[in-house]
Structures are given as C-alpha cells and as structure tokens.
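Data block below; observations after.
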Amino acid sequence: MEIPKAYEPKEVEGRWYPFWESRGFFTPDANPNPKAGVFSMVIPPPNVTGYLHMGHALNHTLQDVLARWRRMSGDRVLWLPGTDHAGIATQMVVERQLAQQNVSRHDLGREKFVERVWEWKAHSGGTILKQMRILGDSVDWSRERFTMDDGLSNAVKEVFVRLYDEGLIYRGEYMVNWSPGLHTAISDLEVEMKQVKGKLYHIAYPIGGATGAPVEGLAEAYAAANEGEAKSGLLRTPQGDFIVVATTRPETMLGDTAIALNPEDAAAGGRYGAIVGRTATLPLVGRELPFVQDEIVEKEFGTGFVKVTPAHDPNDFAMGRRHRLEFLQVIGKDAKITDAAPEKYRGLDRYEARKQVVADLEALGLMLRIEDYTHNVGHCQRSGVAVEPLISMQWFVRMKTLAEPAIQAVRDGRTKFVPESTTKIYFNWLENIQDWCVSRQLWWGHRIPAWYTPDGEVIVARDEQEARQRLAQRGLDPAVALREEEDVLDTWFSSQLWPFSTLGWPEETDDLKRYYPTDVLVTAFDIIFFWVARMMMMGLKFMGEVPFRTVYINALVLDPEGQKMSKSKGNVIDPLEVFDKYGTDAARFALTSASTAGLSLSLQESKLESARNFANKIWNATRFVLMNCDDILKDPEPIDWETRLAPPELADLWILSRFNRVALEVHNALAEFRFHEAAAQIYHFFWDDFCDWYIELSKPFVTAKEPTPQSQAVKRRMIYLLERSLRLLHPMMPFITEELWQRLPHKGETICTADFTSHNSAQLDGRAEREMNMVIELITRLRNIRSTFNIPPSTPLQAQIAPLDESIRGVIAGVQDHIKRLARIENLQLVEQLPEMKGAARAVSASFEVAVPLEGLIDFEKERARLQQTVEKLVKESDGIEKRLANADFIARAAAEVVVQTRERAAELQDQIGKLRAIIDAL
RNA sequence: AGGCUGGUAGCUCAGGGGUAGAGCACUACCUUGACACGGUAGGGGUCAGCGGUUCAAAUCCGCUCCAGCCUACCA
C-alpha cells in the first residue's frame, strides 16, 4: 500500500468535513437510540462580521472535543451554531462601504440602509461559519440561528414587553455614556477605561461680586497659601475672596451650577466655614453658584472644593439630583459646545473649547496652576473616542431584581463555574450591578417595540396592532397616528436570550423541552458580564431554570511572549496560518493540551511542533500496521476482537491494561474539564506505551515471514488497540483519526459516531502493569550500562540477573527473549545471587540486581583516563564552583558505583577527584 | 485604591502534605525496513524569600518582594 512517510495534513483535512456535513452526522436527530442521553451546548455566537481568531480556535476546539466525546459516548448531542447581528460593528462595516461611494446612511434613509445591511450579510457575512468547518466544528447546521431571525426577533419583543409590563424596563432622562464617535448611547460595559496623561487645572472662582476684570498675583497667593503642609482653597486678597477648584476638564465649567465641599469643611469652625451663605461667581459666564455640602467630596483631594457640572459628569449628576441643582447641557451630542454656553464658545469642539477656556482664564489671571495629571478616561470600546457623559432620554433595564436569582443559582450550585475562581468575577459584578441602558441610536438591530401618540403617550407592545389595543384598554383613542420608536436595542439584549430563543421560545417546541437547559457553556472570561450573567438572569426569569449547568471559562490566548494579542501591537496570530503550517489536528491538540485551569495560555511554537510530531507518530504507527498486517486486513472474516486473540503474554496483558486505564482517565478528565490531562494521558499512552514498547516488543511477530498463531494474534491485538486508540483520539484530532480509521477494519460509517472507548475494567491488570514495569526497568538499566561504557550495539553482552523479589523470577524467565533483543544481550543468566565479579558493571533496583562483565570490552585504563579528563574539563570550564562540585560528585559516584573494577581503582579515582576538589576549594 | 491569579528545569507550563514532572532546548550514541516530525541513554531544580502548623511542607497558614489581570465616582 502506498502511504507517504510523513503525514501531510493538507492532503487529508480538506476531505472529511464535506462528508460529515452531507451525511448529517452532527445532528442529534441522527441518533437512532430512543433511550440516548442528551448533551446540549450553544455556541457563543460570533459577530456576523467576524473572522476566526485564536480565541475562537481555542473556544471551539474545546467545545468540539466535548461534543464529539459525548456524541461518541452515545448521547444525542446538540451543538447549536449561529451568529450575532452585532449592531454597531455591522452597521459600521456597511457605513464604511457606503463611504467609499461617498454615500452616508442618511442619504439612503433608514429602510434602504437596513436593506443594504441584509444584502451585505447575505454576501459577505458569516465568513466565520465557513472557517468553523475548517476547524472541524461538529455543529448541527440544520439548526443554525442568527440573532435577527424572525424567531429570535419575536423572542426579543416578547421579553421586552414582559419586562416592561412588570416595570423592569423603564424610559427616562438619565446620564448615559454617549459615544460621539458612534452617535449613540452605550452601556457601562462598552466603556473602556484608559489611562490618559492629562492636566489638572486649578481655577479660581471669585466669591460674591465678581467684577470680571483681570486680577493679578493670585497664582502667587495660591502658591504661598499651599506651602508646606497647609492646604487652602480659600484665598483672601485685597481684590476680594476666591475659592479654587481643580478639574481635568475646564471646558465643562461652562455648565457649572454649584460648588461642592465636604460638610466637615463647611461646618462652623471648619476649614471653609467662612463661605457658608455666600455664593461663587462662575468666571467667563457670570453665573452665581451656590455652595452645596456633600459627603462625596474628599477633603484631601485638590483644594476640597469641587465644581459641579450636573449635566456632564456622573458624580455631579448624582449631586445635582441630591441638591436639586440646575442641569445645564453645554456639550451636545456632537461633542460641541451648545447654545447654553456664552456665544463665544458655541459650536467649538470640546477640545477646542478647552483650549479657549484655559486661554481666557489665563488672561483673567484665574488659572492658578496647571499640573500634569494621569487619570482614567472612559473611551468608547468600538470607536475609541472619549465618552461624553450626557443626559438623554433612553430605555433602561432595572437589574437588581433580575440579578438576585442569578446570584442565588450559582451560590446553591445549580450552575457551576469552572474554574471555580471565576465565580468571584461573576458575583462581584452582579452584586454591584447598575441599571442597563439598552437603547441605541442606531439603525441596525432590534427596534424597540414602542409607539408614541401625538400627545406623547408611550405604548410598549409586541406590534402596532397590540399597541392600539393597549391604547383602547387605557381609554385612549386607538386610531391616533402612532410613531414607532426609532431606537434599537443593545446587541446583547438579544444574545442574552440565546440559550432558549434559539430553541424556539416563546413557542414550547420539542427542542426547547429536550435541550434546555444546556449542559455546558464554554466561553471566555471577558464576556462573563456582557453575556453569561445576563443569560443567567434571562434564563431564570423566562424559563424558570438556569440556562446551563456548567460554565467553562476558557483561557485567553496570549502570544508566545505572553502578551495579549492586539492589532495595535501587531502580534496577532492568525489561526488559519497556524492550521496551514502545522495542521488543524495538531493545532487542536496543542490547544487542548495547553488548556489548564489558568485564565491565560501562551501559545508556544514548540507545543505546536510537538503536536505535529504526534500526528506524524500516529500516522506512522498506522502505516506500520498497514504495511505489516496485510494478511489480517484482508481476512474476509470480520475480526472478532475479543475472542480470536491467542492467549496473551505479559506484554499483551500490560498494554490492554494500560489502554483501559488511560481510557478511564481520559473519560474522567473530560468529565471534569481537565482537557490538558486528557491530552497528556493519551499522548503518553500512544507514544510511550504503544509505539515505543508494544510495537517494539511485537516486531519479531509482526514481521515474521512465516505466520504463526501467535503472530496472527499479536497483529490482531495491534490492530485492535490502534483502532481503539484512534477512537480515543478522535475528539481532539478528528481529521487524521477519520482518515486512518477508514483504512482499518471498523464498524460503522464514520468514526464520528463510533463508540468512544469506554474502559473495560476486566482488562485492567495491576499485576501485569507492575511486572511489565520491572521488565522495562531492567531493559533500561542494561541499555544504560551499554551507553555508559560506549559499547556499540553490535557487541554482544552477557548479563547475570539476581532477583531480589521472588516474584520477578518467573516474569524474567517468561520474557527473556524480549530482554535479550531490546537490550541486545547475548546471554542472559538468572542466578540466585550475583557472584563477586571484577571488572563488571552493576545496577541495582528494588526488585533485581544485575551485572554485566566488561572484561575485554573496554579498556579500563582508557576509561579511567576519560573520566579524569572529563572531570578536569569540567573544572577548567567552571566558573560557578558549586555546580561543578556537584558534577564532580557525580563522576565520583560513577567511579565508585558503576566502574566497579576493583576497590583499588575506585579508590584511586576517588583520590584523583579528591585532589581536584581540593584545587576547586582553593580557588 | 481595592480585589483576583501567578512566581516550580534554559524557555513555556503541569502537579500539589510523603523519592520533583511534561513538551521544547541541551549532551552522548544510533541512518536498526513504521516514523530523523525518529530511536536509545543521559544531564539539569534550595519548587521567589522569611516565619509558622506537622513525624513530614514545593504543597496548608501568615507576612514580604516581584509579575500579570480585573474592578473603582478621587473631580
């Protein structure tokens, strides 16, 4: 049979997915067993604009390992795929396309624009779905979903209306994070805090009766007042009294409507008790500002005075509400100064306005100090523009009451997080949850199901017809002209319903009954808030049950240097390139075996190479079998594995036991999401036990010219083990295992639905494993002796073995031929006790003692000289004395224990080394 | 500022109260009819530091020092 020597993944990997997909192996409906268990997962829906990145590669690989494992274990497995409409991201993609033709979405109008997005989706969307096939994801394509599908859109409306009816959704004017880049409100989670090197501006506000004329010497007075320990923001000068505030955003002063200070400072006898009852005058504007007392003001920060801009800062907003201050919006949605500000500043961009305000204050002598100041500024995750806190009319979800059951469900273990430490992230967020702004001023997304009457009444309903019914119920005219809400919902509003909306909710479908709750959710920790927590809340709210029993948080994939991958750093690794270079199976195996409980994983080239080599090993082991077992493979009789095997010898019992132990371990490891351990177990079994020992031990039988009953049995057993190993490997390496499995005798159409090898405890044999370990140790010791004394393989050796443990006698006798061949021993003698031997190498283990006569094989004088030379060389090279001493010790041990020629010679060597050590000590 | 997670071989990382592990790298030997993406035999560690609990600590508990991440309304 023609099989290439080295595994070529490219030849193999393209071939199998079309076969699997077209035959429908991945749908749970294909499982003919009516009593089959159920295992379900929903995929974290990637953005429809998305491309496969390393995070997906890991996330999908782990899910696929679970899905394939459960499927092969007999479960009815549903792994449901789909994509997210990704409101902002998708709208941006299409807008960018339009921009190339100099068209804006406003030119098109809403309806046309949305049509364009759908067109885009049909032609260019969902690239990632194709890439999932390259990866091998065994998802059920017949149940693919999109968050804007009709069914899912219905679910969104249903949920919105029900939450609204219960008072869990409300509409109101509140401070939101406004993204001037996207022209929409965004949620707290979409704001990314970035460290920004800015300035802290110290500005003087006159108290009472400001003239507006420039003042002089104020900066010096301020500096003088703050020398040493003393800190004061109250300046008393011949030109009047001033208070000093510190701010990072001087342009917002145009909207100041108060000055705040800590009640302790304002108390009679307090630091600033003197200002009580007075007012400050806002420079550049002239507005009188009252002083308000608020605990939130830290006495220690700045001067202790805070300018309050209720319309442009979340804290100030809260203070504004507490103290019933005026909310003056001086920055608009375009991030430009509004008409509420003095004419001079109107229309200026917020950063230009900052410059102008600073210049004007300097001219007035009121800018007292500008210092460098690094602080955190919220930025819009998508557009990268600094967020502008603004008051605006938006829709919100009241989260507290929804969060409570979600916390409880994890506390009492209905949903488990793996690794367990991630629950802290979850609890921390839910326990401090804020209301969620869900309205977005975009066009692509689920339109909020609300209508307005000309009188400004708001009706929330599933559709316009219902809205009119509800009008009638309220005693209003159902025939009035209704205006539909323009805003759409945050993308996450629909994705939070994913575990049940994809199964048909609100209809009570069979799928919903059968597959909800799902078994496992595999996802990354950065969307625990965005997605996992919200799914928990919604699942509990609308299904009355948790959406998943286990949440497995997979690691963040870092680059080989351990850095986060990011476009700006240019260190992003494209998984498709990795698949191409090492093979998809190898990449999958590398990812699986790197998946430990940690929160991050750095992708090492060496790990990929090692996985590629492993694939090659599997290929070649199979190649060996195919090349040597023709007679068995052509046997027209089906191979009855369990009965047609001849009485096994030790090695057979051992390998069967090892296999079953590993099958058990792999099963247990996967059941507990210890992916790396499953991978490690199978790797070492296949490579070390099966290839390095079992195949090597079996070679004389397998390659024998004349078939004997025993050689036939060994071949059968080898095919049997190989086939079972391929099944064990299949969840991690689906392509190569299918390819090879198809070439071996097998039952069934595809390895995808073959039995995952559950272990057979009847084949576990602790005694065989113990005995074989002794044999392995013995062979290793003998090889070690040969290697230590540089004896070529062609030189035959004699060996005498004295058992220290009686049970080993029979064992060794039974496998003498193996020992002789693998250690290249010509004459193996079992003796009661080792005789005194001069010039022999010895080795001792717990169960045996062995001696190999070296007389005539090596030149002792030369050997001694060689050792001495080594020692000298080591000493010469040494710069770290301690380490060299350790080496000298080793040589000494070698001299004393291994080169047991005569006591005198050993002593002589010891003496030499002693002298060398003395020299080292003297250094 | 709080919180979390780590510090184990040259590198990347498992493990975790009882003899310290893997992959890669390293040394020596081997082109033996499955595989040089291979085989055989090796070398290499004060398990960050200090203290405590224990017959026994890399492992459990405190503290310290480093590194990374997350959360936060210090203007």
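As a whole-Å value, the separation of A:N784 CG from B:rA41 C1' is 6 Å. Nucleotide B:rC69 holds its P atom 17 Å from the CD1 atom of A:I528, rounded to whole Å. Remark: C1' of B:rC73 and CE of A:M319 are 9 Å apart, rounded to the nearest angstrom. Straight-line distance from the CG atom of A:L822 to the P atom of B:rA41: 10 Å, rounded to whole Å. Summarising the geometry, the separation between CD on A:E609 and P on B:rC13 is reported as 17 Å, rounded to the nearest angstrom. Between A:I736 atom CD1 and B:rC37 atom C1' there is a gap of 12 Å when expressed in whole angstrom units. For the pair A:L200 CG and B:rC74 C1', the computed distance is 10 Å after rounding to whole Å. Between the C1' atom of B:rA34 and the CG atom of A:D630 lies a distance of 14 Å, rounded to the nearest Å.
For A:K581, no side-chain nitrogen or oxygen approaches OP1 or OP2 of B:rC37 to under 4.0 Å. Of the side-chain N and O atoms in A:N315, none sit less than 4.0 angstrom from OP1 or OP2 of B:rC74. Between A:S602 and B:rC13 there is a side-chain polar atom (N or O) within less than 4.0 angstrom of OP1 or OP2. Between A:Y373 and the phosphate of B:rA75, there is a side-chain N or O to OP1/OP2 separation shorter than 4.0 Å. Remark: A:S600 is not in phosphate contact with B:rC69, judged by side-chain N or O atoms under 4.0 Å from OP1 or OP2.
Nucleotides B:rU19 and B:rA25, compared at atom C1', are 26 Å apart to the nearest Å. Across B:rC65 and B:rA48, the matching C1' atoms stand 8 Å from one another, rounded to whole Å. To the nearest whole angstrom, the two P atoms, one in B:rC35 and one in B:rG17, are 44 Å apart. For the P atom pair drawn from B:rA41 and B:rA57, the interatomic distance equals 34 Å after rounding to whole Å. Taking the C1' atom of each, B:rU64 and B:rG10 are spaced 28 Å apart, rounded to whole Å. Atom name C1', nucleotides B:rA34 and B:rC26: the rounded distance is 27 Å, in whole Å. The same atom, P, is picked in B:rC69 and in B:rC13; the two are 14 Å apart, to the nearest Å. Comparing B:rG51 with B:rA56, their P atoms are spaced 16 Å from each other, to the whole Å.
Annotation: ring-ring contact (aromatic ring centres under 6.0 Å, His included) contacts involving residues 587-607 of chain A, sequence neighbours excluded, comprise A:F589-A:F614. Residue pairs that meet the side-chain hydrogen bond (donor to acceptor under 3.5 Å, both in side chains) test with at least one member in residues 675-685 of chain A, sequence neighbours left out, are A:R674-A:E677. Note on residues 599-608 of chain A: pairs passing salt bridge (charged side-chain N to carboxylate O under 4.0 Å, His left out), not counting sequence neighbours, are A:K581-A:E605. Listed by first and then second residue, the salt bridge (charged side-chain N to carboxylate O under 4.0 Å, His left out) pairs involving residues 304-320 of chain A are A:D256-A:K307 (not counting sequence neighbours).
Contacts between residues 612-619 of chain A and RNA chain B, defined by a heavy-atom separation below 4.0 Å, involve A:R612, A:N613, A:N616, A:K617, listed by number. For residues 583-595 of chain A, proximity to RNA chain B is found at no residue, defined as any non-hydrogen atom under 4.0 angstrom from a strand atom. Non-hydrogen atoms lying under 4.0 Å from RNA chain B are contributed by A:C691, A:D692, A:I695, A:E696, A:K699, all within residues 688-699 of chain A.
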- Protein proximity profile, nucleotides 26-31 of chain B - base contact B, sugar-phosphate-only contact S, no contact -, cut-off 4.0 Å on heavy atoms: ------
- Note on the structure: Given protein heavy atoms under 4.0 Å, the one-letter contact record of nucleotides 2-8 of chain B, with B base, S sugar-phosphate only and - none, is simply --S----
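Under the salt bridge (charged side-chain N to carboxylate O under 4.0 Å, His left out) criterion, A:R322 pairs with A:D294, not counting sequence neighbours. Checked against side-chain hydrogen bond (donor to acceptor under 3.5 Å, both in side chains), A:N773 has no partners two or more places apart in sequence or in another chain.
At a threshold of 4.0 angstrom between heavy atoms, the contacts of A:V297 include nucleobase atoms, whether or not backbone atoms are also involved. Using a 4.0 Å heavy-atom cutoff across all strands shown, A:R824 reaches at least one base atom of the nucleic acid. Base engagement by A:A621 is indicated by at least one non-hydrogen atom pair under 4.0 Å involving a base atom. Base engagement by A:I296 is indicated by at least one non-hydrogen atom pair under 4.0 Å involving a base atom. The residue A:Q604 sits close only to the backbone: its heavy atoms come under 4.0 Å of sugar-phosphate atoms, none of a base.
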- Message: Reading 5' to 3' and counting Watson-Crick or G-U wobble pairs with both distances under 3.5 Å, write the dot-bracket notation for RNA chain B, | for bases paired outside the strand.
- Response: (((((((..((((....[..)))).(((((.......))))).....(((((..]....))))))))))))....
- Task: Start with the C-alpha gap between A:E826 and A:K820, add the side-chain angles, then the distance that decides, and say whether salt bridge (charged side-chain N to carboxylate O under 4.0 Å, His left out) holds.
- Result: CA-CA 6 Å; A:E826 184 186 47; A:K820 281 171 151 174; over 6 Å; no
- Message: A:E431 vs A:K424, test: salt bridge (charged side-chain N to carboxylate O under 4.0 Å, His left out). Steps then yes/no.
- Response: CA-CA 10 Å; A:E431 280 161 5; A:K424 283 183 182 155; over 6 Å; no
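When ring centroids are compared, A:Y272 and A:F291 stay outside the 6.0 Å threshold. With ring centers used as reference points, A:F735 lies 6.0 Å or more from A:Y7.
Between the side chain of A:E696 and the backbone N or O of A:W693 there is no donor-acceptor pair closer than 3.5 Å. Side-chain atoms of A:R271 come within 3.5 Å of backbone N or O of A:K299 as a donor-acceptor pair. Remark: side-chain polar atoms of A:N620 are paired, donor with acceptor, to backbone N or O of A:N616 under 3.5 angstrom. Put simply, the side chain of A:R623 never gets that close to the backbone of A:I618: no donor and acceptor are under 3.5 Å apart. Judged purely by atom type and a 3.5 angstrom limit, A:T309 has no side-chain atom pairing as donor or acceptor with the backbone of A:A311. With A:W619 contributing its side chain and A:P4 its backbone, the two residues share a donor-acceptor pair below 3.5 Å. Checking side-chain atoms of A:D585 against main-chain N and O of A:I736 turns up a donor-acceptor pair under 3.5 Å. Of the possible polar contacts, one joining the A:T780 side chain to the A:I776 backbone as a donor-acceptor pair under 3.5 Å is found.
Residues A:T596 and A:T303 both approach RNA chain B. Their nearest nucleotides, taken by heavy-atom distance, put A:T596 toward the 5′ side. Along RNA chain B, the nucleotide nearest A:I776 and the nucleotide nearest A:N628 are compared for position; the residue whose nucleotide lies closer to the 5' end is A:N628.
A cation-pi geometry, defined here as NZ or CZ lying under 6.0 Å from the six-membered ring centre and within 45° of its normal, holds between A:K699 and A:F624.
More than 12 non-hydrogen atoms from other residues, nucleotides or ligands lie less than 6.0 angstrom from CD of A:E371. In A:Q434, the CD atom is not crowded: 12 or fewer heavy atoms of neighbouring residues, nucleotides or ligands sit closer than 6.0 Å.
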